[in-house]
Number of protein chains: 2
Amino acid sequence: MNSRLEVWAPDGLREIAPGDDLVALLAELLRDDPPVDGDILVLTSKVVSKAEGRVVSADDREQAITDETVRVVATREHASGVTRIVENRLGLVMAAAGVDASNTPEGTVLLLPLDPDASARRIRAGLSAAFGVRVGVVITDTAGRPWRQGVTDIAIGAAGLVVLDDLRGQVDSFGRPLVMTQAAVADEIASAGELVKGKAEGRPLAVVRGLGHLVTDEDGPGARVLVRLGDEDMFQQGSAEAYSQGWKDALRDQ
Amino acid sequence: MNSRLEVWAPDGLREIAPGDDLVALLAELLRDDPPVDGDILVLTSKVVSKAEGRVVSADDREQAITDETVRVVATREHASGVTRIVENRLGLVMAAAGVDASNTPEGTVLLLPLDPDASARRIRAGLSAAFGVRVGVVITDTAGRPWRQGVTDIAIGAAGLVVLDDLRGQVDSFGRPLVMTQAAVADEIASAGELVKGKAEGRPLAVVRGLGHLVTDEDGPGARVLVRLGDEDMFQQGSAEAYSQGWKDALRDQ
């Protein structure tokens, strides 16, 4: 395993508009310092959404959140309104379904890409062709977590890299099988990229060099495999929602 | 903001035993490639626990989990037993309270350090003195997340760096205030470190260079400020636990 990593965020990508050829613009951005085989390109989903025209009027924000919502997990009223934690189309559990108003033109909000794994595959194919090297692509969004303050970046789309690093079969330094068997390396790569992209600097792309052992010939399963819902999900509802559901059901059965 | 990051994991730290002078051993490990001002040292909590003698017999594992538990959040029975998701002494919500059996001597399990923020402060002071530079220290553990497959590393102890990067006051590229106001950079640094440390290689330390803007003169609040519990926590119980509590309470009130 490579034990040295370099991560940087090239400057100079212009504001992306619907219909822009994102691959061509990224290739231009990378021309001075081109990717090498095994590099992983970490791209903020906002620019993908913008290129794909996933922009709606801010007046339609609440409706957009509803449209993106598959299932409401929890809601919380506060001074500035109601926070809705929901499962969205992509199986991501996020506040406001991932509908976002930062770094968007005035009066608009951004929806997440329709299919971030497909977007990652397209960008990977385009940049691999442009530079004649094998790269991985991770498309990121910023999300909160239960029990932890602050937000981190996670992988919502991926192509050409190991997303879940399966350590089964590997042993610890005492020769015993590892207990934690799957590392969410695509999420860790998203977080590493965020440290150099930042949120305010207008540098939506980070290049991660040194993880070539995670880059694959095939596109692979994508970030979708990072979603854990259904029977495995012990937090399908917020505590307050689950509690009142139990209360209602008990009374109904009287 | 620096837009280039280097992360590497020096080889050669020997197995740590209770009572070892961890600072001296880390200083020795870093001697060939000494830290510079603004470096952040990311250290797996296991080695801190071992040096602090936080080792108990594997026979006492269940009792140790109980002892480390402040509050049970959710439990789930499965083939190999019962998974307990609990809040531990440190306010961390983790499976098995963070009690871990990997990379520990046969027949033993490791408890988390008693006070990882205090451990981080000690290590920071020792290494800053040893090399005459200002460094940040992050102590990490590996944790699962609701709704996401796979584990990632998070910060459970920190000293000498910004843990929550408060973006309030910063504006996006359209001049509007950023919505996501706090980035959990210490967790993102922990994840970046894990990508080079790995879990099976016996490299518990990663050096992160390029985030000097996050390194502080003061030790700062530590990783404790990353804990979000109480009224802000919408997931104080697993859905099943909250549901049955609601059911019980409804019947009790009949």
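Labels below follow one simple rule: chain letters A, B, ... track the order of the sequence lines, proteins then strands, and each chain is numbered from 1. Below, each value reflects all heavy atoms present in this structure, side chains not excepted, and no hydrogens, waters or symmetry copies.
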- line: So, the part of A:V73 with a heavy atom under 4.5 Å from chain B: the answer is side chain

- request: Identify which of B:R209, B:Q236, B:Q237, B:E232 forms the greatest number of heavy-atom pairs closer than 4.5 Å to chain A.
  value: B:Q237

message: Quick check: do B:W8 and A:L5 have side-chain heavy atoms less than 4.5 Å from each other?
response: no

message: Any carboxylate oxygen within less than 4.0 angstrom of a Lys/Arg side-chain nitrogen, looking at A:D11 and B:R4?
response: no

- prompt: If you tally heavy-atom pairs under 4.5 Å against chain A, which of B:V185, B:D249, B:V208 wins?
  reply: B:D249

- prompt: Can you tell me how far CD1 of B:I189 sits from OG1 of A:T152, rounded to the nearest 0.5 angstrom?
  reply: 12.5 Å

query: Which one, A:A186, A:S244, A:A9, leads in non-hydrogen pairs under 4.5 Å with chain B?
result: A:A9

task: Could you tell me which of A:D166, A:L251, A:L92 has the largest number of non-hydrogen atom pairs under 4.5 Å with chain B?
output: A:L251

task: Could you grab the distance from atom CG of B:L226 to atom CD of A:Q149, nearest 0.5 Å is fine?
output: 8.0 Å

query: How long is the gap from CD on A:Q245 to OH on B:Y243, to the nearest 0.5 Å?
result: 6.0 Å

task: Select, from A:G91, A:G193, A:A155, the one with the greatest count of heavy-atom pairs under 4.5 Å involving chain B.
output: A:A155

- prompt: With respect to chain A, which residue among B:A192, B:G150, B:S239 yields the maximal number of heavy-atom pairs within a distance under 4.5 Å?
  reply: B:S239

query: Which of the residues B:L214, B:D187, B:D165, B:L164 is involved in the greatest number of heavy-atom pairs with chain A at under 4.5 angstrom?
result: B:D187

Option that, when pairs with chain A are counted at under 4.5 Å, heavy atom only, ranks first among B:A240, B:G246, B:A206: B:G246

- prompt: Would you say the side chain of B:W147 lies within less than 4.5 Å of the side chain of A:D233, judging by non-hydrogen atoms?
  reply: yes

- prompt: Got a second to check how far B:I40's CD1 is from A:L195's CG, nearest 0.5 Å?
  reply: 8.5 Å

task: Just grab all the salt bridge (Lys or Arg N to Asp or Glu O under 4.0 Å) pairs involving residues 234-248 of chain B, residues at least two apart or on different chains.
output: none

task: List the steps, then state whether side-chain contact (heavy atoms from CB on, under 4.5 Å) holds for B:E188 with A:D153.
output: CA-CA 8 Å; B:E188 295 186 315; A:D153 275 17; 4.0 Å; yes

message: To check you understand the geometry: which heavy-atom pair defines the closest contact between A:G238 and B:F235, and what is its length?
response: CA-CE2, 3.6 Å

field: Within residues 72-95 of chain B or reaching into it, pairs that qualify as salt bridge (Lys or Arg N to Asp or Glu O under 4.0 Å) - sequence neighbours excluded
entry: B:E62-B:R84, B:E68-B:R89, B:R71-B:E87

message: Do B:R145 and A:R148 have side chains that approach each other closer than 4.5 Å (heavy atoms only, starting at C-beta)?
response: no

- prompt: Would you say the side-chain atoms of B:S191 pair up with the backbone N or O of A:S191, donor to acceptor, closer than 3.5 Å?
  reply: no

field: Contact class of A:I85 relative to chain B, heavy atoms under 4.5 angstrom
entry: side chain

task: Step through the shown structure and confirm whether more than 12 heavy atoms of other residues, nucleotides or ligands are within 6.0 Å of CG on A:D231.
output: no

